[in-house]
Structure formats: structure tokens, C-alpha cells
Amino acid sequence: MNIIVCIKQVPNTTDVRIDPVTNTLIRDGVESVINPFDAYAIEEAVRIKERCSGGKVTVITMGPPQAENALREAISLGCDEGILISDRKFAGSDTWATSYTLSAAIRKIGDYDVILCGKQASDGDTAQVGPGISAHLDIPQVTYVKKIAEISAEKAKVERMTEEGYDVVETPLPCLFTVVKEINTPRMPSLKGMMRAKSAKPLKWTADDLEADASALGLDGSPTRVVKIFTPEPRKGGEMLKGGAEDISKELAELLKDVVI
Amino acid sequence: MDYFITEQQTMIRDLARKIAQEKIKPVAAHYDETEEFAWPIMKILADSDMFGVYLPEAYGGLGGGIMDMCLVTEELSRACGGIALGYGGTGLGALPILLHGSDEQKKKYLPDIAKGKRLAAFCLTEAEAGSDAGSIKTTARKEGDKYILNGTKQWITNAGEAEIYTVIALTDKSKGVRGASAFIVEKGTKGMEFGKKEKKMGIRASATREVIFTDCEVPAANLISREGMGFIVALKTLDTSRPGVAAQAVGIAQGALDCALEYSRTRVQFGQPISSFQAVQHMLADMGTQIEAARALTYSVARMVDAGVKSVSKESAMAKLFASDTAMKVTTDAVQIMGGYGYMRDYPVEKFMRDAKITQIYEGTNQIQRNVIASHMIKETLKK
Amino acid sequence: MPASITILLHKCTGCTLCVKTCPFGAIHMANRKAVIDMAKCTLCGACVPACKFSAIELKKDSGPKKDLSAYKDVWVFCEQKKGVIQSISFELLGEGRKLADKLGVKLAAVILGSGIEAKAEELAHRGADKVYLVDHPALGSYQDDPYTEVLVKLAEEYKPEVILCGATTIGRSLVSRVAIKIGAGLTADCTELDVDLKERLLLQTRPAFGGNIMATIITPNHRPQMATVRHKVMKEAGIDKSRRAEVTSKIYPEEVFKSRTRLVDIVAEIGETVNLSEADIIVSGGRGLGGKEGFAMIAELAKALNGAVGAARSAVDADWISYSHQVGQTGKTVCPKLYIACGISGQIQHLIGMQSSKVIVAINKDPDAPIFKVATYGIVGDVFEIVPALTKEFRRALNK
């Protein structure tokens, strides 16, 4: 079973603060981490490999050179090999161009049965890249997977989370899954894995290494453009209600009269 | 304080800290309350290779030493001294094999211990042989290519949970301590049984039981070293493991100080956080200083062991004595700083205080440690 | 000519304004001049207007402008489950109506399903001028392959200018694939839509970094312009039973409806899964509730208010309540009219998921809890006293 995991390095939201004067994001000292949802994808990939006794987990990321750290961390968590897809030509990629670039890299890897992605990235929140990759590769997809109930060389039966519960979906392989938090509890890294990660040499692919249409990369390959970035008025703390529980309840019921009815 | 630990040791410490914070801390109160053995945590420690940090690479370990083991024990104890003991107790059970075992014995047992597949335990104490370990009564009678063990070991950490036991028993009663020998006994061996689980004041997440041998047949190949070496094996094991107890004490103390410090910053009385009162500040300062001194002594002794210093009896006794007394004092003060809240089970400090107490008692009471220290000091003057 | 960004060194005064503005931390100062780290820069252009000295030059346009005049009309993909049109679709029709009127085009509703002919009328009442309807047994429940194929075929044939879709599980899975297949621009999770009439551009505004920054996004050179829209942000279209729509019922060859995946079962977790994104009122609990029993109390208040029960991650991790209730970064993003946070301290990961709620009430014993910084009304006190009192009061006020 050969599995590809697509991950993204994102700023750690616990560290993201807003400058109260300029009202902009303070990026200084903000640590980069693996997108939280991708951690579940990594864990599930390693579990599938263990379940199917054998195979290879390849982790890929598109990003700046320092995204190599995310690949190393993924290797310390059990992935076998990492590939960094990095080139200045990718700058300004929207989800269309990003999924195109990643699908070109996956085509180059060639031999795969399962592609796993986190359901979305915590900095962009689009949830578009996973389905985008499956569309570019023209393979089936199941999104919001909360359980891989059965998996064999040819097919898988999975549970897809919906607003009301879940769907049970059967799919032939290869297939792309995007996963939600409920699917597993990611393991801790192992010391031996960390040592392996330290000495691992992730492959580095640039635009020239991919058989890709140059006009479909980066900003030029992106249908969308950001025209304005602004900080919303930060939400201000409001009124503090004081008094006994009953008085407060009466006051609040009065204040919320229009909202609750 | 910077102890200039190696890159690998930093990695070990940081991962142990992460496991303690993210996995142990949230469940520490649960295991204290239920007195269950924390198998899910043992699994995490096993999968993360923690059990192998002090074992040679040839046996599946990471090639570190007692210092590495201390770093892990300290970090785990900072979250729960009881759960940390499942780890530490395995180290204690593994040391006789590591220090005195034959290559075959090491090959057979150490890789499983390094992987965390099997836990270990060390069996010395008996009902009438506590501080006076020389009066053990368990016997091992040789019959052909077997030894027949009879007797009852008491208060054995990890008993019932562990699968590999190193047991001290008399092969020649007439010779007293010189007639003791050390054996490896695997769980499941016929004639080996476990007593009921003891109810303890602290370290309640750890398992403590009797180990009862009734005509228990152990292959002669499981004798560690030679007949008559049992006490040397035991003493050397304890000298080597005592920095681990010290590290456990340092961790417990640090855990309690972490809580007290956090609480003192947020608890407001008389219109200000109590950390602004000098009375509290001085207590915190003393606690912090004592912990750092205990840590420095512990690490120094651990490094002596790893450097191969021949006798560390006095120094390891000092580390264990000082760190455990510090743990008792610091945890008591932490409860004091937190007042009524500290006394309640809603906060973890009363547990730290209960957990701290055992470190003054086991692996030699602090009174025995003082005896050891003084006798070494006196001997040293005589030599001059 | 690839896109590029340049600092015009003779104009740069080293004022550092651009450094502070860059949302990606890609600009730093060296020798008192701004330097852009291209490894981090996404060419978003936020720095260009921030520079008071016009020292940053961004070249984005590539190639000649395409003729996009063949594309017209605003489409709304209307989601149905078991034949019931989901409320998000009515919100989109409400918003779509405004956009269509501004652009001077028709509003079309697109609905896929099985046995749904009668739904066209309902969509007309909600403001659709046209309804594109595809009825086939394979479309009864959502499946990626046939839904993608049908929507792609419709869009290719009728060339809409704009396609709106709910940012739901189905919506996000479907249109992400459609956008790739038809080479369209797609913006996720919009909270505000408008049009630039001169260029006929859809101005799509969405939160990023968990709502810490907002971005306005356009699709200058590709059609259709596609967007998914968050639930509960737009106002539902009203019902006007006199309205009629031009209905186009499409029939496609069987192979269009083929699916590689097979839907084996649909499991509704009754009572278990509350549709948090649909709820107008959410009562949420965190670590301060101390255990499962605390959530029983929360459920009482939620029931009194006809609301749903939410939870902070710590409570979910402690197994007090299931994951489907989790609000926040690794859970659901919600924006109800009223969000009552009980015993939730307000970690940033939680705030990300609920700070766009219209009214936030926070109850916590710690006066310094960060949740109070976003609360419309804050109550410092014991949740176990205040929540039952609130339940009683709201029951009385709502005559229950």
C-alpha cells in the first residue's frame, strides 16, 4: 500500500497575536507548525501502512525552503520519505494552482493507492486543495472522512462526516481522502523517528522537476487575486453584568429579548 | 540552569516533557483516584522509545546512560510520580541484567525492555527484610539444571504488571548475605504468584504487590552472575538506580512548584495577587533554590555513574537523600501557599505531597542513606 | 511575463510601514531599506497601498484580457437532502438576488436530485428567475462524481457569470472539484459579497487566519466566478408565491451519472449530532463544567432557548461530550445570533470558531478569562448557579 500525505506548514495559531496599535498580525516569533488537520492525515497514513503490513508513506509539502522542517517532523511520526516542492515560481498560488502543482508532483511520484489530506489548513481554511488534487488527477475522493472502516489493495469503505451524522462510502483505490479530527489520535513522535528525521534528506523538487504547464503555476496560474487585506475591527469586550444569579438572569433575559424570540 | 546536556538528551527531555504535559497531566488525577495501572501511558512511552534511552544500541536501546533515564523520570514525575514509577521500576528491574547479566541474558531480555514490550521489576524487600535487607529468607535450591525458589517478596513495584523480574534469593543460607544470588524470573513461571494490590498513600498509579514463590522452578541459565553474587548485584543496582529516585523526587517537587507559582500569580487576596507578598515570595525562592540544588546534585551523580566511576554509593545516597527531603519540603510548602485549595483534591498539589513521601522511604530510607554517607565519610578519613 | 514585486530603492525611506502591514511576515529591513523574502511573499499586494511613498511596484497582469462577455447570470447551487431544500440555499438566493439585480442579469437556481420536479416552484418563490433542474435516481443523495459531472456540464453549456454555493460539507467538496474542471476561480467561505460594476467583478470577502484578517478576492480573467458562502451570514430570501421561474429540466446520457464511489448507507446520529452551523442559538460548555453532568445542565438551557449544544475542545478531549459538538479551530466554525459560553476560558483556537457570532454571552469564574474580551455580555461567577437561573428565567420569559 503506497500512501501519499499532503501537508502544509502554517503559523501556530496559539502564537498569532494582533498588534493593538497597528491592528495587524504580529508575525515575529511565531512558530511554524504542521497544519493541525494534517497531523491526523499523517497518523492515518502510518496506521494504514501498519494495517496493510507494508508499503510506503511519502509526505509532500509545497512551500518555502523552511517547510522542510514540517517534512522532518512527519518523518519522526512514521512517514518514510519527504518531498519538498519549492520554487519562487509557485509564489502567489491560489487553491487552483496549488492543487495543480501538488497533483503534478503526485503524478511524478506515480505509484500510489491512497492520498490523504487534512480537511483544511488552519491559515486559509478553504478545504479546496484536497478536492482540487483529486479533480486534477481525476481520481475519486471522499471528503471529511472520520473512519476508514475497511481497506484492501483494491478498495476501501469509509465513513464521511456530514452535518447530520455520517455516510458510509465505498470507493475503489486509488482515492483521495480528506480527514477530520475524529479519525484518530495522532501518536507522539518516537526518539528513533526523530533521529531518523534529523538525518533524513527530503527530496527537493522545483517547477523544472515537474511536468507542469508553466502558465498554470504560481500567481499566473491562479484565477483568483487578493485585492485587499484588512483587519476587521477587533471585537470589543462588552458590558459586565453584576449581582446575584437571579438578578443577572432577569437582566440578561431583558437584554436578549429580541435575540431569543 | 544550563546543565549542558547533549543534543540527544535535549531531544529526550523535550519529548518526555511533551508526553508528560499532553498525555500524563490530564489523567494523573484519574489514575490516582482509581489506582489503576496506567497501561495507555506505558504504551505511549514504549512507542516513543523512552524505555530504551539508557540501554545500549546493541540491545535496541538508544545508547544513553543513567543521566538520560533521570531526565525522563524527572519530566514524567513532574506530571505524576506514580506513573513515572512504572517507568522507573522497569529500569530498576532491568539494571541487574544490564550490569551483571551474561550476553545471552542481555540479548534475551533487554531488547523487549528497550521497546517497552515488557516491563520489569526488582524483588528484594521482604516482610522482615526492609532496611535490613540482609535478613531475606527467600531461598533458591539448586536441582539439576534448575533452581527451586521459595519465599515471599513484599511491596514490589510493578509486580503483576511486569513480565521480567529480577529476584534476590539465598542459595546458601549458611553464608548469610554472601549466600545470596540473583535470578531472572518470567511472569507465568509455574509457582510464581502475586498478592493483592496494596493500597497506598501516594504513587497510587503504580502497582505494588507481593510476589510469592512456591516451589517455583527457574532454569539455571537465569542465574545472574554467579552464586553468592546476589548482594553485590543488588547493591550495585541500587547505587546505580538511586539517582533515578532522586530524579523522581526533583520532578515531583518541580511539579508542585509549577502549580504553586501559577496559583500565586492568579490568586488575589487583599486586592493583589499573593505572589506580591514577600512571605510568599520567600517561600517560592527557597523552593526554587532547593530544587535546583537537588537537580544539580542528581545530575552530577548520574554523570559519575555514566562516566564509570567505580563506587558511587556515598554520592548516590546523598542525591537520593537531598532530593527526597527537598521534595517533601517543597510539596508541603506548595500546599501551604495554596492554602485550602492546596488541601483539596481539585488541585494536584496534595497529590504531589503524598507522592513525595515515598521517595524518603523506598530504595533505602533516608536514615539508611545517612548511615551509608557517614560510614563512607568516616572510612575516607581513616584512609588518609 | 510572470508576476513580480519590486521595492523601488530610490523611493523607499525605510519607514517600516510595509513590514507591519505584510500578513505573511515576508518583509524585513536591511540597510534601512525594505527587502521582500520571496519564499514567504504570496504577492497579495497588501503592502502596495500601505507604502506612502509608492516604493513598491507589483506587476500582476499577465497576457491580454480574455473576452468574458459570453458569461452571464448569477447561479445558486441549491442543496437538497432527502428532497428537502437546505436553508443555506435560501440564504444564497437572497444574496444572489441582490447581486443579479446589481449586475442586471437573471438569478438562476440549480438543483440536482431525484423526484424533485416540484421543487422548482419553491425556488421560484424564493426569487429564482430561472431554475435548472436535473432529476435522476443517481442524484438522490450527494455523490462526488455525478454531481461534479452534471454541474460541470450545466456550467459549460449555460456559462454563468457567478456560481454561489453553501460552504457546507457537500458544497465545499463539490465546487472545489467543479472549479478545477472548468478552470474557474473559487473563493471559500465568503462572509460578504459585492460587485465591481465597471469590471463586472464579484468582490468576495472572507476571513483568513481564523478571522484575524479579512481578504477581498476577485477573479479577473476567468469565468464563472465561484464562491462558497458561510451559513447564517446572508439573509434568507423571502417567499413570494406569485413568482414564477423559467424551468429548464436537463436530461443527460446515463454515463454522466456514473459514480466510482458507492454510497452504502446514510447514518443520522439522532440527538447526537446537532447541526451547529444551522443553529441560531448555541449554548456551549468548556472545562469549567467539570464533567458530563455539567453538560446536562447546558442541554437544559439550550432546550429552553431552542438552541444547540456546543463545546470547547478541552471538554471533548475529556470525553464529556462527542466531537460533533466541538466549536473552534479543529471543530466547527459557527456564527449564530446568540452564543452563550459557559465555563469556557476562551483559548484563541476556540475564539476562532465563534467570534463572529452576533451576540456573545460569557459566564466564567475567572475575571481575566480571555473569553470576556469578545463577550457582548460578561458574567463573572459560578456556572452552576448562573446557568440554572438563566434556564428558569428564559423558560419563564418564553412561556415554556
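Chain identifiers are assigned alphabetically (A, B, ...) following the order of the sequence lines, protein sequences preceding nucleic acid strands; residue numbering begins at 1 within each chain.
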Q | Working for side chain to side chain contact (heavy atoms under 4.5 Å, CB included), residues A:Val145 and A:Val180 | A | CA-CA 6 Å; A:Val145 171; A:Val180 296; over 6 Å; no
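- Here the options are A:Thr178, A:Asp125, A:Asn35, A:Asp38, the test is side chain to side chain donor-acceptor pair (under 3.5 Å), and the partner is A:Gln120; only A:Asp125 passes.
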Only pairs under 3.5 Å count here: list side-chain donor-acceptor contacts from residues 238-255 of chain A, not counting sequence neighbours, and write none if there are none.
unit_1, atom_1, unit_2, atom_2, d
A:Ser249, OG, A:Ala245, O, 2.7
A:Ser249, OG, C:Leu390, N, 3.3
A:Glu254, OE2, A:Lys257, NZ, 3.0

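- With a 4.5 Å cut-off on side-chain heavy atoms, C:Cys47 and C:Ile5 count as touching.
- For C:Glu278, no part lies under 4.5 angstrom from a heavy atom of chain A.
- Heavy-atom distances place no part of C:Asp196 under 4.5 Å from chain A, backbone and side chain included.
- Among residues 131-141 of chain A, the residues having any heavy atom closer than 4.5 Å to a heavy atom of chain C are, in sequence order, A:Pro131, A:Gly132, A:Ser134, A:Ala135, A:His136, A:Asp138, A:Ile139, A:Pro140, A:Gln141.
- Note that A:Lys146 lies in the cation-pi zone of A:Tyr166, set by a 6.0 Å cut-off to the ring centre and a 45° limit from the axis.
- Looking only at side-chain heavy atoms (C-beta outward), C:Lys81 and C:Ile170 come within less than 4.5 Å of each other.
- Ranked by heavy-atom pairs under 4.5 Å with chain A, the list C:Lys392, C:Arg262, C:His222 is led by C:Arg262.
- A:Ser99 touches chain C through its side chain: at least one heavy atom from C-beta onward sits under 4.5 Å away, while N, CA, C and O do not.
- A:Lys119 touches chain C through its side chain: at least one heavy atom from C-beta onward sits under 4.5 Å away, while N, CA, C and O do not.
- Checked for salt-bridge contact, A:Asp220 and A:Lys89 miss the test: no charged N lies under 4.0 Å from a carboxylate O.
- Of the two parts of C:Ile379, the backbone and the side chain both hold a non-hydrogen atom closer than 4.5 Å to a non-hydrogen atom of chain A.
- A donor-acceptor pair is defined here as one N or O able to donate and one able to accept, closer than 3.5 Å; such a pair exists between the side chain of A:Thr126 and the backbone of A:Gln128.
- The only option from A:Cys6, A:Pro174, A:Cys175, A:Ser103 that meets the side chain to side chain contact (heavy atoms under 4.5 Å, CB included) definition with A:Ile115 turns out to be A:Cys6.
- Residue A:Glu159: no heavy atom, backbone or side chain, is found under 4.5 Å from chain C.
- Using a 4.5 Å cut-off on side-chain heavy atoms (C-beta onward), A:Val10 and A:Ile34 make no contact.
- There is no contact between C:Val387 and chain A, counting heavy-atom distances below 4.5 Å.
- For the set C:Gln225, C:Arg177, C:Gln143, the entry with the most heavy-atom pairs within less than 4.5 Å of chain A is C:Arg177.
- Most heavy-atom pairs under 4.5 Å with chain C, from the set A:Thr224, A:Thr171, A:Thr185: that is A:Thr224.
- Salt bridge annotation for C:Asp189-C:Arg172: present, with a cationic side-chain nitrogen under 4.0 angstrom from a carboxylate oxygen.
- Taking 4.5 Å as the limit, every side-chain heavy atom of C:Lys358 sits out of range of all side-chain heavy atoms of C:Tyr339.
- For the set C:Val361, C:Val380, C:Asp145, the entry with the most heavy-atom pairs within less than 4.5 Å of chain A is C:Val361.
- The shortest distance between side-chain heavy atoms of A:Leu256 and C:Tyr377 falls below 4.5 Å.
- For C:Leu17, no part sits under 4.5 Å from any heavy atom of chain A, backbone or side chain.
- Counting heavy-atom pairs under 4.5 Å between each of C:Asp280, C:Ile360, C:Ile218 and chain A puts C:Ile218 at the top.
- Of the two parts of C:Thr168, the backbone and the side chain both hold a non-hydrogen atom closer than 4.5 Å to a non-hydrogen atom of chain A.
- For a residue to count as touching a neighbouring chain, one of its non-hydrogen atoms must lie under 4.5 Å from one of that chain's; by this rule C:Ala167 does not touch chain A.
- With a 4.5 angstrom heavy-atom cutoff, C:Lys181 touches chain A only via side-chain atoms.
- Panel note: side chain C:Arg206, backbone C:Ala188; a donor-acceptor pair is recorded below 3.5 Å.
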